[in-house]
Amino acid sequence: MSQLLDKMNPQQKEAILTTEGPLLVMAGAGSGKTRVLTHRIAYLMSEKQVSPYNILAITFTNKAAREMKERVEKLIGERGKDVWISTFHSMCVRILRRDIDLIGYDLNFGILDDADQLSVIKTVMEDLNLDPKRQSPKYFLSQISNAKNELKTPSDLNKEFENEDVIRVYEKYQQTLFKNNRVDFDDLLMLTVHLFEKHPEVLSFYQNKFQYIHIDEYQDTNHAQYKIVTLLAEKFRNICVVGDSDQSIYSWRGANIENILSFESDYPDASVVLLEQNYRSKQMILNAANDVIKNNSGRRDKQLWSDRGEGEAIEYHRASDGDVEANYIADKIAYMRRDAYDYHDFAVLYRTNSQSRAIEQALLRQNIPYRLVGGQSYFKRKEIKDLMAYLRLICNPDDDLSFVRVVNEPKRGIGAASIDKLSHFAAESELSLMSSIQDATGVVAKATLNKLMDFKTMIYMLRAQIEDHSLASFIDLVLSQTGYLEMLENENTIEADSRIDNLGEFKSMATQFEDVDLDEILAEEESEERADDLPTMTKLIILLNDLMLQTDTETEEEANESKVTLMTIHAAKGLEFPVVFICGFEDGIFPLRSAIEQGADDLEEERRLAYVAITRAEDLLFITNAQSRYQYGMRSANPESMFIREISETYLNKTGIESRPRPSFTLKEAMESKAPKRQIKTVSLNSGSSWNSGDKVEHDTFGEGVVVGVKGEVISIAFSAPHGIKKLMGSHPALKKRS
DNA sequence: TGCAACTGTATTTTT
DNA sequence: TACAGTTGCA
């Protein structure tokens, strides 16, 4: 028998061997589901002689797709490269790129990110005279997104008596996108369904191609994704979905937990495999996770178990203050690193990104290296978006959205007022901004018109030259011809320098794409084409869309560096760490206030999130919170999270404020105020003395320093490197005045 | 037109 | 707090 089944438990074996017909794998956290999936794919190829071209595997994130791909290749070798493994969204991009013209769009469509979406919505609202203060653009965006995920068009909403404004905005928004030949993330899914429904021959092509379909994280699929899967699997019915309803944490994005719950009624002949053995965590951690999740209603009960040993009790630490909490975590990491653990063994998880700052500061103070996952994505940076807009405009001069973005970047003296006039004119004559320029005499000032003409000439000149260049050298050309690079160079700031670096990084990404990635994509698609044969413009369009879907830019080396990982719990799904800290475990933060107010459904999702967080830990789990903390610039106090009370006391080792009360102190770290420095007499709790700029101080950790600013009770002190300027409470016990 | 200063307001998660 | 949107001035 195949060695692929070695070391598999009976349930895992069953999941791998059940290749024909519908199969539901209920995979608890850490139960080796990715391993099952990769081995199943390898098994299909090596034992069942299934061609890699007939296998599809869909994951939730790009990272998961990449990893799965690597693991399949490791198992089966080069042929693994030909298995189509991707996210829903990138799969749809590829499908649409072949046939979207059948439903009226141009094959060279571009993708819109959420920031772009919002600006379209704002413009639409303006046109419709809707007051953004009464109904926020974000509200409309989420309504539209929900509708699309439900595969509903504006006219479908009409029948359902939705908010009339939503329908109008949706309609106009969709028209705008269509005119600009752009699609948003939700369109990728919805339009794919439309394509399949209106063109059975296209659907049939993919049905025949994908004879064996795998969907990871099935609990996170929304209705549109569900529909795509259902359609694709209709013919061969070899559909294997893997998931864990207890880890459904994306309902806010339209994910419908019902999809996995009703799989058995969708496919009455489905086999079901339950994976309950956990290979990740010590039993104590699983006990806690089980304790929490069992409070959710309507779930299929499962009991995770582990043979990795009992493990230590979970350390629950309640600190007096948010900064104390952060310091506690930093101290623990510093301490534990001395013996068994390396920095990369630790993860600090939080509910919201804004919580990262306190942790960062504490780690910085202890000189603990960390990597922050998520936050401001590389592709959301202004310079990258600008460059991409230029490139998109060159590929499609009628793309008004890109036109507006870059027409005055760098400054060309073409201001908002002129663009406004041009827009109205263009709308009347049903032209794009770019093509309306030539007839715009009298619409805008003569001088402005000339500038617009120059801009147009420049874009078309670049367009004419693209085929003489590789992607990277064309990007160079664009950056220099547009004056964008010069603008940054003239700025002469560290900020601008880093923007230049980012643009350079973009260029190397393009090179990598052109030389390596593109051929892999084409191979997977069974395309006859080779990257070398494609026009640069085509390559550029594929690159732009590829990048729009890419949110994580971290390389493998970066991820493996010896650093503590900081991220949201959402970002941590699918990952594991020997030591995990979950911070801010307070009602109001985790669960979020809105979820508490909202009621059962939202609370249950928060609870699943807690379950995900807890089950990330392999050996040790720390749960922390604080009696009071700064939130939105105000001090506020939160009770401990309701979830901590759901964990049996026997699994907890409580430390901190309740067991050992001590005076609270804070290390408030505010940003340097721009206001002129005022010297205010400070009230010092422990000495009664006040601080003034120039005072010399001695700090227990940072050593000698000089006071450089006083603001209320907070004083800024310059310490020698590597500490730099710190803001501390004047009453901080570690601080002493020197004479 | 462009910039600086000011005001008001909303604070989640992301393919 | 922080940022987006607005106002007012050069």
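Note on naming: letters A, B, ... go to the chains in the order of the sequence lines (proteins, then strands), and numbering restarts at 1 for each one.
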Which of E605(A), R351(A), E597(A) passes side chain to side chain contact (heavy atoms under 4.5 Å, CB included) with L592(A)? Answer is R351(A)
Pairs involving residues 83-92 of chain A, ordered by first then second residue, that meet side-chain hydrogen bond (donor to acceptor under 3.5 Å, both in side chains) (sequence neighbours left out):
W84(A)-S86(A), T87(A)-S90(A)
Do the numbers put K573(A) on top of the ring of F60(A), so that NZ or CZ is under 6.0 Å from the six-membered ring centre and no more than 45° off the axis?
yes
Taking the six-membered ring for Trp, are F455(A) and F403(A) closer than 6.0 Å centroid to centroid?
yes
May I ask you to check whether Y173(A) and F140(A) place their ring centres under 6.0 Å from each other?
no
Set of residues satisfying side-chain hydrogen bond (donor to acceptor under 3.5 Å, both in side chains) with respect to D244(A), sequence neighbours excluded:
Q247(A), K302(A)
Can you pull out the residues from residues 415-424 of chain A that lie within a 4.0 Å heavy-atom distance of DNA chain B?
G415(A), A417(A), S418(A)
Report yes or no: do D246(A) and Q219(A) form a side-chain donor-acceptor pair below 3.5 Å?
no
Nucleotides 12-14 of chain B: which of its N/O atoms have a protein N/O under 3.5 Å away?
unit_1, atom_1, unit_2, atom_2, d
dT12(B), O2, R351(A), NH1, 3.3
dT12(B), O2, R351(A), NH2, 2.7
dT13(B), OP1, N353(A), N, 2.9
dT13(B), OP1, N353(A), ND2, 3.0
dT13(B), O2, W252(A), NE1, 2.9
dT13(B), O2, R351(A), NH2, 3.1
dT14(B), OP1, T568(A), OG1, 3.4
dT14(B), O4', R253(A), NH1, 3.4

Find which nucleotide of DNA chain B each of K411(A) and H89(A) is nearest to by heavy atoms, and output the residue with the more 5' nucleotide.
K411(A)
Any luck finding a side-chain donor-acceptor pair between D386(A) and Y484(A) under 3.5 Å?
yes
Side chains of T352(A) and Q355(A) only: does a donor on one sit below 3.5 Å from an acceptor on the other?
yes
Measure the distance from CG on L547(A) to P on dT15(B) and round it to the nearest whole Å.
14 Å
Please list, one pair per line, the donor and acceptor atoms closer than 3.5 Å that link side chains of residues 411-424 of chain A to other protein atoms, with sequence neighbours excluded.
unit_1, atom_1, unit_2, atom_2, d
R412(A), NH1, Y390(A), OH, 3.1
R412(A), NH1, V406(A), O, 3.0
R412(A), NH1, V407(A), O, 3.0
R412(A), NH2, Y390(A), OH, 2.7
R412(A), NH2, T482(A), O, 3.0
S423(A), OG, I419(A), O, 2.8
H424(A), ND1, D420(A), O, 3.1

Is the NZ or CZ atom of R608(A) positioned over Y611(A)'s six-membered ring, under 6.0 angstrom from the centre and within 45° of the axis?
no
E409(A) has an atom CD; how far is it from atom P of dG2(B), in whole Å?
10 Å
May I ask you to evaluate whether R357(A) reaches the phosphate of dA2(C), defined as a side-chain N or O under 4.0 Å from OP1 or OP2?
yes
Can you measure Y630(A) atom OH to dA2(C) atom C1' for me and round it to whole angstrom units?
16 Å
When rounded to whole Å, the CG to P distance for the pair N146(A) and dT15(B) reads 18 Å
Determine, for nucleotides 5-10 of chain C in 5'-to-3' order, which nucleotides have protein heavy atoms under 4.0 Å from the base (write B), from only the sugar-phosphate (write S), or from neither (write -).
S-----
Y226(A) OH to dT15(B) C1', straight-line distance once rounded to whole Å:
21 Å
Which whole-number value in Å describes the distance from I58(A) CD1 to dT15(B) P?
16 Å
Base, sugar-phosphate alone, or nothing: which one does D184(A) contact when heavy atoms must sit under 4.0 Å apart?
nothing
Using a heavy-atom cut-off of 4.0 Å across all strands, would you classify F60(A) as base, sugar-phosphate, or nothing?
sugar-phosphate
Could you state the NE2-P distance from H223(A) to dT15(B), rounded to the nearest angstrom?
23 Å
Respond yes when some side-chain nitrogen or oxygen of N149(A) is under 4.0 Å from OP1 or OP2 of dT15(B), and no when none is.
no
Round to the nearest Å and state the distance from Q355(A) atom CD to dT11(B) atom P.
16 Å
P atom, dA4(C) versus dT13(B): distance in rounded Å?
15 Å
Going by atom types only, do K122(A) and Q117(A) share a side-chain donor-acceptor pair under 3.5 Å?
no
